[in-house]
Amino acid sequence: MAEQHILTPISLSERLEYVARVKEWNEQYTAEQGKRRGCFVLTFGCQQNEADSEKIAGMAEQMGYEIKATPEEADLIMVNTCAIREHAEKKALSIIGQYKHIRARNPNLIIGVCGCMTARDHRRNELKMKYPYVTFTLGTASLHHFPKVLWEVIRQKRRLITAESEEDFTKTVAEGAPVRRESGYRAWVSVMYGCNNFCSYCIVPYCRGRERSRRREDIVREVRELVEAGYKEITLLGQNVNSYGKGTDCDFADLVAELDTIEGDWLLSFMTSHPKDASRKLIDVMAEGKHIARRFHLPMQSGNDRVLKAMNRHYDMAKYLDTVAYMRERMPDIVITSDIIVGFPGETEEEFGDTLKALEAVRFDMLYSFIYSPRKGTPAAEMEQVPDVTKGNRFDRLLATQNAIAAEKNLPMQGTTVRVLCDGESKGNPDVYSGRTEGGKIVFFGGTPDMVGQFVSVRIDRTEAFALWGKVE
Ligand code: SAH
Ligand code: SF4
Ligand code: F3S
């Protein structure tokens, strides 16, 4: 293993000193060159990573960089990686590989790699040895070290392959990073970081460290400011939001209830809830809420109890179905979505059949399905694997089953009017606008630029498994 630089904890005031140094260095450049240095941020992975990238861009801007849309225009490239499946890692490494050419044209280019992949020793080592043009790495728990690490690579003209300190990985919740939000009406707000669940297939706990929650007052302030600034949908993020505030007098349901009292025309949603502790209290708060979107993402992963146990999920199908039944009892119109992994090690044909049966029993509105990908260092990677062809075949059957269910579930929406948060022109056709319902379903309709970022009423006249079409009323 190559020598690695362990970052020692840093205070906000110390961080701001480094921000000031980089800023001064950038201002000097602008004075001499008549233009600003540019920063390009590329994001892989989940919403948590998107939220982190908004902080990276915010800090870069604070340090005097101009945010650019392409890597060719940048003096600083930040690649925010994901490690959830092999494919995500391969994609990031391949793009980082392509930056070699940009670096060859611009020897002053700084390339930073951050995110979940960089928390893995073997990946950090690979970046160090095989990608010599990568200037520094930064783990997810070390994001607040960005200004300091950047200043050190600038000043010392060296590479820094960093590792997180135990303190940052297990305890630190760094506040005070400016956020450069991608959207002016949808916002992410992280409420907690890390995961303690160690599902046997999952790399996240090794990449993001232990669960730690932000202070309630910091979250309430951030959400209030966003609503006042006109944000229409605010999504609370955490790997397992139900663990928010464990051991304190404010649990996740209390937090959601408090946020719901913020006045305005806005929607509150959250992800992700672990079925083992999605509480009735939270469902009650939702049912009685004014702003809480009637949408619940509850990853089931498998419909078979033996597989769930081998996955270390700590619930069985009886418990899962009970939670779903209670949600529907309290909110008959709730949109329920889920994640499924097919081809978990040892999954038999019969056990996979239980997952298909569970889809028929629950009838999800939407499903995110994944082919199991072995992650080095997790228990499931050591178990007996299901052959790739079998995995592919099960994946196709899962999709076919779910597509039929989703199409049937959307059909009764024809002729109804739904409230849609308008996102603007759809890809490929500027006359057709798209937006999302409170439940997160995508809707296409004829729109105008003034509707972007606003709620509009759309009367649905056509539906398919993945989308709805209609006219603004
Ligand atoms: N914290 C969230 C999900 C994080 S990862 C939760 O617990 O629900 C998002 C999804 O990726 C998971 O729900 C799971 O379905 C999938 N996933 C995680 N590890 C995987 C792996 N090794 N192979 C395939 N899919 C995986
Ligand atoms: Fe991964 Fe499980 Fe944690 Fe979700 S709850 S991030 S699937 S270990
Ligand atoms: Fe990927 Fe890390 Fe999210 S592994 S899915 S970016 S938590």
Side-chain angles (χ1 to χ4, degrees), residues 42-53 56 79-92 113-120 123 138-141 143 188 190-212 236-244 270-278 296-303 307-308 310-315 320 323 336-345 347 355 364 366-383 385-386 388 391-392 394-395 398:
L42 181 67
T43 313
F44 294 93
C46 62
Q47 290 83 355
Q48 197 86 57
N49 251 20
E50 287 178 29
D52 286 348
S53 285
I56 293 165
V79 187
N80 195 3
T81 60
C82 169
I84 201 81
R85 283 167 288 273
E86 176 88 15
H87 180 67
E89 291 193 316
K90 287 272 157 69
K91 224 161 80 185
V113 181
C114 57
C116 290
M117 198 175 79
T118 64
R120 311 285 290 138
R123 290 298 186 198
L138 210 55
T140 61
L143 268 194
W188 311 115
S190 296
V191 298
M192 59 169 305
Y193 304 99
C195 179
N196 290 355
N197 288 323
F198 290 93
C199 300
S200 62
Y201 50 81
C202 184
I203 199 68
V204 173
Y206 307 85
C207 298
R208 286 198 172 259
R210 297 295 66 76
E211 285 174 354
R212 50 229 191 260
L236 308 179
L237 296 179
Q239 291 303 335
N240 176 17
V241 287
N242 299 101
S243 288
Y244 175 80
F270 54 84
M271 63 192 307
T272 298
S273 291
H274 194 300
K276 80 175 157 54
D277 38 27
F296 214 107
H297 184 60
L298 194 65
M300 185 170 89
Q301 311 299 1
S302 163
V307 175
L308 287 173
M311 287 177 162
N312 196 31
R313 290 289 285 177
H314 293 282
Y315 55 85
Y320 189 92
T323 305
I336 305 177
T337 61
S338 199
D339 292 349
I340 298 284
I341 296 178
V342 301
F344 179 81
E347 181 190 68
T355 299
F364 295 110
M366 276 176 282
L367 199 62
Y368 301 88
S369 356
F370 307 102
I371 292 180
Y372 170 73
S373 168
R375 307 285 60 217
K376 195 175 162 171
T378 62
E382 307 301 320
M383 300 175 188
Q385 304 294 313
V386 171
D388 284 348
K391 288 197 231 179
R394 288 182 189 164
F395 186 73
L398 188 87

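FYI, side chains are in, hydrogens and waters are out, and symmetry mates aren't considered; it's all heavy atoms of this structure. First listed ligand is number 1; within each ligand, the first listed atom is number 1. Because the structure is predicted, anything quoted here is derived from the model rather than measured.
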Got a second to check how far [X]'s [atom1] is from [Y]'s [atom2], nearest 0.5 Å?
X: F296; Y: S273; atom1: CZ; atom2: OG; result: 3.5 Å
X: Q48; Y: S53; atom1: CD; atom2: OG; result: 11.0 Å
X: L236; Y: Y244; atom1: CG; atom2: OH; result: 10.0 Å

Task: Proximal ligand 2 atoms for R313, defined as those under 4.0 Å from one of its heavy atoms - done: 2 (Fe), 7 (S)
- [ ] Mark up the atoms of ligand 2 that fall under 4.0 Å of a heavy atom belonging to H274, in ascending order.
- [x] 5 (S)
Assess, by modelled atom type and distance only, whether the side chains of [X] and [Y] contain a donor and an acceptor separated by less than 3.5 Å.
X: E211; Y: S243; answer: yes
X: H297; Y: D339; answer: yes
X: N242; Y: K276; answer: no
X: S200; Y: N312; answer: no
X: Q239; Y: Y193; answer: no

For [X], the ligand 3 atoms whose distance to one of its heavy atoms is below 4.0 Å:
X: Q239; answer: 7 (S)
X: R208; answer: 2 (Fe), 7 (S)
X: C46; answer: 3 (Fe), 5 (S), 6 (S), 7 (S)
X: C116; answer: 2 (Fe), 4 (S), 6 (S), 7 (S)
X: C82; answer: 1 (Fe), 4 (S), 5 (S), 6 (S)

- [ ] Mind jotting down which protein residues get a heavy-atom contact under 4.0 Å with ligand 1? Chain and number order, please.
- [x] I84, R85, Y201, Q239, T272, P299, Q301, R313, D339, I341, F370, I371, Y372, S373, R375
TODO: Before giving the answer on side-chain hydrogen bond (donor to acceptor under 3.5 Å, both in side chains), spell out for N80 and T43 the whole-Å C-alpha distance, their side-chain angles and the decisive distance to 0.1 Å.
DONE: CA-CA 5 Å; N80 195 3; T43 313; 5.0 Å; no
- [ ] For ring pair (Phe, Tyr, Trp, His ring centres under 6.0 Å), just list the numbers for F198 and Y206, CA-CA rounded to whole Å, side-chain angles, deciding distance to a tenth of an Å, and then say yes or no.
- [x] CA-CA 8 Å; F198 290 93; Y206 307 85; 5.3 Å; yes
Open item on the list: Going by the rule salt bridge (Lys or Arg N to Asp or Glu O under 4.0 Å), which residues pair with R394 if we only count those two or more places apart in sequence or in a different chain?
Closed with: E347, E349
Open item on the list: Once salt bridge (Lys or Arg N to Asp or Glu O under 4.0 Å) is applied, do any residues pair with R375, and if so which ones, sequence neighbours excluded?
Closed with: E86, E89
Task: Sub-4.0 Å heavy-atom contact, A83 with ligand 3 - done: yes
TODO: Mark yes or no for whether Q301, through its side chain, and P299, through its backbone, hold a donor-acceptor pair below 3.5 Å.
DONE: no
- [ ] With atom 1 (Fe) of ligand 2 as the centre, enumerate protein N/O/S atoms below 2.8 Å in chain and residue order.
- [x] C202 SG
